[in-house]
There are 2 protein chains.
Amino acid sequence: MLTWIRKHKRILLYGSSLALLLFLLRWLEFRFLVLSHAIDIYVGAIALMFTALGIWLTLKLTRPKTHTVIVEKEVYLPAETSSEINQSEIEKLALSRRELEVLNLMAQGMSNKEIADGLFVSLNTVKTHSSNIFEKLDVKRRTQAVEKSKRLGIIV
Amino acid sequence: MLTWIRKHKRILLYGSSLALLLFLLRWLEFRFLVLSHAIDIYVGAIALMFTALGIWLTLKLTRPKTHTVIVEKEVYLPAETSSEINQSEIEKLALSRRELEVLNLMAQGMSNKEIADGLFVSLNTVKTHSSNIFEKLDVKRRTQAVEKSKRLGIIV
DNA sequence: CTAAAATTCATACTAAAGTATGAGTGTGTA
DNA sequence: TACACACTCATACTTTAGTATGAATTTTAG
């Protein structure tokens, strides 16, 4: 019994506080309403109590703002695949030679214009290759393409 | 005394708002009390208003409670590459905490819009951070930023 | 407390990236 | 030889990225 009380003392405390509050309200109502012009005090008390109630409610009931921390769990790739280029993955994705060239230059951080100049083709050609690469890799942007292809070991 | 006032000017502001509210209440009091037996409604309104006030005050004046959620994300690493983050390099480049966050999300291949949504800030803010990152890293594009920061060991 | 740094955001641009579609040209192979 | 396939390129368009500038707040550090 004593342990139960100790265990739930917080609940008991809140419960009895609420009861006390209600009792106080009742008392105040009778006490002040018999006096003329005491309504202000009564209302003031009400205001105070319910302000406190609002504060208490908010503190108790607001959900804590969740802060997501991404912990990076290191997963080491098998030693053979780490440094080598994954040829089978390239074939699986059906990436052509030219597309791989463009992909590698992309990974160096080059713009489409720079890639075009480097490969002596037009900007439009590079854009076409890029679009085909993104479709084959199932990504939306060049940054994703670089990230994914590095992860898959397609490029160094 | 003066310093106290300056220090708690916000509280004083809220205090005067409260005074204004009380004045309003006084007005309401006369409005309602001309009607007979309207006291209950009046008191109810008071209770509601001040509960709301309490909630508002608490939300305004307390720091948001944070609840940290740890999410594990698998990071594939080449076996031989050192997985440590080069802290001294970060300091040398004077990259702020937020800029590092943006940089990391960039490296995941996320668009500015996605980063903005992820960090609960506007697109313009992400663009500002991006520009600052590029300037500090002395690069022109996000792909270069990712490549260089990975090479320098700033990000994983 | 105060100054500096960091964070946020807006507006108004320009530049680059990406999409969709169609088409011409070689090239290796069935 | 025919034909799929890779490579090339154009036009026209939409979307995203990036720059420049100014400013309001908030945090941080001395």
Side-chain angles (χ1 to χ4, degrees), chain A residues 65 67 90-149, chain B residues 1-10 13 59-64 66 90-149:
Chain A
K65 186 180 169 188
H67 176 232
I90 296 175
E91 287 165 18
K92 199 187 298 174
L93 293 168
L95 286 166
S96 73
R97 190 174 308 171
R98 207 55 157 170
E99 285 164 357
L100 269 178
E101 282 188 271
V102 173
L103 186 54
N104 272 287
L105 295 178
M106 257 184 202
Q108 319 272 315
M110 292 174 76
S111 69
N112 285 338
K113 182 76 178 65
E114 289 167 344
I115 293 172
D117 291 345
L119 297 180
F120 300 106
V121 294
S122 81
L123 177 59
N124 289 310
T125 303
V126 177
K127 285 185 176 183
T128 304
H129 286 316
S130 298
S131 280
N132 293 332
I133 291 169
F134 301 154
E135 195 172 350
K136 287 179 180 177
L137 283 175
D138 190 31
V139 296
K140 284 285 176 190
R141 286 173 289 282
R142 54 174 52 223
T143 43
Q144 286 182 350
V146 170
E147 194 273 334
K148 184 163 187 177
S149 56
Chain B
M1 185 58 179
L2 274 175
T3 54
W4 186 90
I5 290 177
R6 222 171 302 149
K7 202 169 188 176
H8 299 82
K9 63 177 177 182
R10 185 177 297 182
L13 186 67
L59 288 178
K60 271 288 162 191
L61 296 179
T62 60
R63 288 178 166 275
T66 57
I90 295 176
E91 285 164 19
K92 199 188 298 175
L93 293 168
L95 285 167
S96 75
R97 190 172 309 169
R98 208 53 159 170
E99 285 164 355
L100 270 178
E101 283 188 89
V102 173
L103 185 55
N104 272 287
L105 295 178
M106 256 184 203
Q108 319 270 315
M110 292 174 76
S111 69
N112 285 339
K113 181 74 178 64
E114 289 167 344
I115 294 172
D117 291 344
L119 296 179
F120 301 105
V121 296
S122 81
L123 177 59
N124 288 311
T125 303
V126 176
K127 285 184 177 185
T128 303
H129 286 316
S130 297
S131 281
N132 292 332
I133 291 170
F134 302 152
E135 194 172 349
K136 287 179 180 179
L137 283 175
D138 191 31
V139 296
K140 284 287 175 189
R141 284 173 290 283
R142 55 173 52 222
T143 43
Q144 286 182 351
V146 171
E147 194 274 333
K148 184 163 186 175
S149 55

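A note on names: the letters A, B, ... follow the listed sequences, proteins ahead of strands, and every chain is numbered from 1. Just so we're clear, the structure is a prediction, and the values are computed from it rather than from any experiment.
- Rounded to a whole Å, the CE atom of B/Met106 is 12 Å from the C1' atom of D/dT16.
- When each of D/dA10, D/dA17, D/dC7 is scored by its nearest atom to the side-chain atoms of A/Thr128, the top-ranked nucleotide is D/dA10.
- B/Ser130 comes within 4.0 angstrom of no nucleic acid atom, judged by non-hydrogen atoms across all strands.
- Distance, B/Gln144 CD to C/dA17 C1': 15 Å, rounded to whole Å.
- Residue B/His129 places none of its side-chain N or O atoms closer than 4.0 Å to OP1 or OP2 of C/dT7.
- For A/Lys148 (side chain) and A/Leu137 (main-chain N/O), a donor-acceptor pair under 3.5 Å exists by modelled atom type.
- A/Asn112 contributes atom CG, which lies 11.0 Å from atom CG of A/Asp117 (distance to the nearest 0.5 angstrom).
- Rounded to a whole Å, the NZ atom of B/Lys127 is 17 Å from the C1' atom of D/dG22.
- The separation between B/Glu91 atom CD and C/dA6 atom P is 12 Å, rounded to whole Å.
- Nearest-nucleotide positions on DNA chain D place A/Asn132 closer to the 5' end than the other of A/Asn124 and A/Asn132.
- Counting all heavy atoms, side chain and backbone alike, B/Ser149 lies closest to B/Ala145 at OG-O, 2.7 Å.
- Comparing the end axes of the helix from C/dC1-D/dG30 to C/dA30-D/dT1, each fitted to five base pairs by superposing C1' atoms of four pairs onto the next four, gives an inter-axis angle of 60° (nearest 10 degrees).
- Listed nucleotides: D/dG18, C/dA17, D/dT16. Nearest to the side chain of B/Ser111: D/dT16.
- Here the P atom of nucleotide D/dC7 and the CG atom of A/Leu100 are 10 Å apart, to the nearest Å.
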Pairs of donor and acceptor atoms involving the side chains of residues 102-111 of chain A, under 3.5 Å and at least two apart or interchain, shall be tabulated with distances.
{"unit_1": "A/Asn104", "atom_1": "ND2", "unit_2": "A/Leu100", "atom_2": "O", "d": "2.9"}
{"unit_1": "A/Ser111", "atom_1": "OG", "unit_2": "A/Glu114", "atom_2": "N", "d": "3.2"}

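- The distance from atom CZ of A/Arg98 to atom CG of A/Leu119, rounded to the nearest 0.5 Å, is 4.5 Å.
- Taking CZ of B/Phe134 as the reference point, atom NZ of B/Lys140 lies at 11.0 Å (rounded to 0.5 Å).
- Annotation: side-chain hydrogen bond (donor to acceptor under 3.5 Å, both in side chains) contacts involving residues 128-139 of chain A, sequence neighbours excluded, comprise A/Glu99-A/Lys136.
- Within the nucleic acid shown, B/Thr125 comes within 4.0 Å of at least one base atom, counting heavy atoms only.
- Rounded to an integer number of Å, the gap from B/Leu119 CG to C/dA6 P is 17 Å.
- Using a 4.0 Å heavy-atom distance criterion, A/Asn112 is classed as a sugar-phosphate-only contact.
- The phosphate of D/dA20 (OP1 or OP2) has no side-chain N or O of B/Ser131 nearer than 4.0 angstrom.
- Proximity of A/Arg141 to the phosphate of D/dT16: no side-chain N or O atom is located under 4.0 Å from OP1 or OP2.
- When each of D/dG18, C/dT19, C/dT11 is scored by its nearest atom to the side-chain atoms of B/Arg142, the top-ranked nucleotide is D/dG18.
- Distance NZ (A/Lys140) to P (C/dT19): 7 Å, rounded to an integer number of Å.
- For the pair A/Arg98 CZ and D/dC9 C1', the computed distance is 13 Å after rounding to whole Å.
- Within 4.0 Å of A/Ser122, counting heavy atoms only, lie sugar-phosphate atoms of the nucleic acid but no base atom.
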